[in-house]
Amino acid sequence: METESEPYVRLASLRQLHQVMADMNTARSLADTLQTVADGVVTALGYELACVNLVRADGDLVVAAFAGNPAAEALITGRVGSRESWERRLTMGEHWGDLVFIPHTEGWILDDDDVPQWYTDGPAPRFEDEWHPSDRLFAPMYTPSVPGGSGGELIGVLSVDRPRNGRRPGAWGREALQMYAFQAAIAISNARLRANMQRALVRLEREQQALRASEESFRQAFEYAPSGMAIAEMGGDQHGRILRTNDALCRLLGRPASAMRRYSFSDLVHPEDIGTLLRTSAEGGRAELRLGRRDGTYVWVSLRNSVVADAADGPRFLLTHVEDIEERKRRELQLAHRASHDSLTGLPNSAELRSRLSSRLCRRPAHAALDEAFASHDAASGPAVPDLGDGFDYRPDPVESYDGYDHHVHTVAPEEGHDDGTKGLAVLFCDLDGFKSINDRFGHNAGDAVLIEVARRLSRGVRDGDTVARLGGDEFVILADGLGRADAQDLAVRLRNEIIQPIRAEGRAVRVGASFGIGWAHCGMTADEVLKSADERMYVEKRSRPKQHRRAG
């Protein structure tokens with residue numbers, strides 16, 4: 001190996017070394033590169049044994065490649081030496097540049113450490129530079145360092161043994177081994193980089209395949225979902241614009257997909273539900289509202305929004321699930337109607353009547369009563385609160401007006417005894433005359449038929465917006481707003497004349513009469529007080545007429 005007096009030998013060795021380096025850099029895998037490194041030491045540098053110890057992720061070194069002796073290769077390949085033992089070796093002995101030489105006179109203390117090693121036999125050296133079987137020579141390999149930066153990271157150690165010429169390497173041999181270790185480190189780093197890139201590419205391809213599979217799965221779930229689905233823009237000038245819809249939503253609204261892309265949900269929602277839609281769009285979540293069909297009708301839907309967020313740009317899209325709840329809403333409305341309406345006549349029942357009446361009344365006295373109460377209060381008596389009756393405790397606010405019902409229009413009653421033009425809420429209490437005898441003579445079916453027809457005639461005889469309710473039995477109540485006293489009397493007469501007309505019941509004509517009592521609702525009264533007042537007036541009116549005039553036929 002070392003023949004410094006013959007330059008042509010060095011040149012031949014360099015050529016051979018260059019070829020080995022080329023082979024290292026063209027190896028197809030990290031394992032091939034490591035084995036090429038070990039084989040190159042034996043081929044190009046004249047050593048009989050070479051071993052590549054590679055640093056693992058945990059810092060220990062594993063025997064990754066071996067060349068020169070199949071028995072030794074089978075014995076120690078894959079075995080691991082601790083980082084601590086290797087660091088002790090690399091700080092011992094003589095340092096020939098980056099190389100570390102541990103002569104046999106010092107190396108005996110390493111015989112029992114955990115670094116995998118191969119023992120060779122041979123005679124003791126006969127001259128000073130002769131290689132001893134227990135000599136050790138290591139070439140550390142480092143990652144290429146950044147120019148001007150600190151040294152690279154240790155990635156492995158190249159171990160050589162038994163030079164073919166039997167001598168310790170001279171200056172040329174040391175330089176060649178050091179140069180080879182440097183090039184080997186580059187080749188190993190490149191091989192690792194290629195391996196990492198290949199793994200990254202494989203991982204990326206798997207992720208892309210998973211993404212494509214996920215996109216296809218989403219597309220199929222979106223397109224073939226049994227309920228409506230839509231994707232809409234979120235934010236910007238086109239906020240809420242529909243980008244994509246599935247067939248189920250198009251069928252539900254009777255609109256083609258191309259037409260749907262011209263709208264936003266705010267264009268399709270019922271005007272009364274626009275606030276609900278805007279809250280749902282801004283926050284995500286669920287709402288029940290009505291969407292317009294192509295034919296001008298509306299359908300009740302459950303609309304559920306999910307915000308599709310982009311990690312970089314924030315929220316971008318709304319994924320909207322639209323479920324048809326028309327049938328459920330119809331059932332709910334039917335149940336609500338049954339709870340608030342009479343099952344026989346279809347009129348509002350007693351509970352609904354009281355609810356509608358109560359919604360028009362407040363429990364405050366009129367302003368005039370308040371003004372009178374406070375004007376009569378003696379200032380010297382202190383800040384006492386006047387007693388306004390009915391358990392009402394009025395405490396004036398120093399800033400606000402007396403009327404805490406800012407959006408409430410006080411209901412007042414026309415003055416009794418003269419017509420001053422005041423319009424009020426008239427409550428007409430109607431009780432049928434002669435109804436019991438129809439039930440007794442012809443049965444309850446006939447009685448029911450009479451009640452149904454009376455309800456129909458009363459409803460037909462009032463204005464839109466007035467309320468006709470069945471209070472119970474043969475008692476009915478009409479709420480008519482905006483009437484004076486004369487108007488209310490005229491209404492009662494017209495309705496009585498309608499009721500007394502013959503009624504077909506169970507194949508025969510029957511007649512009933514009607515007694516009306518007119519009460520007036522005004523704030524400060526309860527619904528029951530208003531109805532009681534009208535009821536009392538009805539009995540007064542009933543008793544005031546001769547019995548034969550209470551019923552016609």
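Atom set for the values below is all heavy atoms of this structure, side chains included, hydrogens, waters and symmetry mates excluded.
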- Can you tell me if D273 uses its side chain to pair, donor with acceptor, with the backbone of H270 under 3.5 Å? no
- Within a strict 4.5 Å, meaning less than it, do heavy atoms of the Q220 and E223 side chains meet? no
- Which residues pass the side-chain contact (heavy atoms from CB on, under 4.5 Å) test with H321, sequence neighbours left out? S227, M229, R304, E323
- Side-chain contact, heavy-atom cut-off 4.5 Å: N190 with R194? yes
- Query: Can a cation-pi geometry be assigned to R537 and F429, taking NZ or CZ under 6.0 Å from the six-membered ring centre and within 45° of the ring axis?
  - Reply: no
- Message: If the threshold is 4.0 Å, N to carboxylate O, is there a salt bridge linking R460 and E498?
- Response: yes
- Query: Is it the case that D295 and T297 place a side-chain donor and acceptor less than 3.5 Å from each other?
  - Reply: yes
- Message: Please determine whether side chain to side chain contact (heavy atoms under 4.5 Å, CB included) holds for the pair V454 and I503, giving the CA-CA distance in whole Å, both sets of side-chain angles, and the decisive distance to 0.1 Å.
- Response: CA-CA 9 Å; V454 168; I503 297 174; 4.1 Å; yes
- Any side-chain heavy-atom pair of R244 and F222 under 4.5 Å: yes
- For residues L333 and R330, determine if any side-chain heavy atom of one lies less than 4.5 Å from a side-chain heavy atom of the other. no
- Message: With a 4.5 Å cut-off on side-chain heavy atoms, are L347 and L353 touching?
- Response: no
- Query: Salt bridge or not for E453 and R504, using N-O below 4.0 Å?
  - Reply: no
- Begin from the C-alpha positions of E326 and R290 and carry the test salt bridge (charged side-chain N to carboxylate O under 4.0 Å, His left out) through to its verdict. CA-CA 9 Å; E326 182 73 16; R290 289 158 288 181; over 6 Å; no
- Does the distance from a Lys or Arg side-chain N to an Asp or Glu carboxylate O, for E207 and R212, drop under 4.0 Å? no
- Query: Is any side-chain heavy atom of P144 less than 4.5 Å from a side-chain heavy atom of S189?
  - Reply: yes
- Query: Are V427 and W520 close enough, and set up right, to give a side chain to side chain contact (heavy atoms under 4.5 Å, CB included), and what steps lead you there?
  - Reply: CA-CA 6 Å; V427 182; W520 296 92; over 6 Å; no
- Under 3.5 Å donor-acceptor, S217 side chain and A213 backbone: no
- Query: Do R463 side-chain atoms and D481 backbone N/O form a donor-acceptor pair below 3.5 Å?
  - Reply: yes
- Task: Flag the pair D58 and R56 as a salt bridge only when some basic side-chain nitrogen lies within less than 4.0 angstrom of an acidic carboxylate oxygen.
- Result: yes
- State which residues pass side-chain contact (heavy atoms from CB on, under 4.5 Å) with R255; sequence neighbours excluded, sorted by chain then number. L253, M260, Y263, L268, R294
- Item | Heavy-atom check, side chain of F516 versus side chain of I499, under 4.5 Å | yes
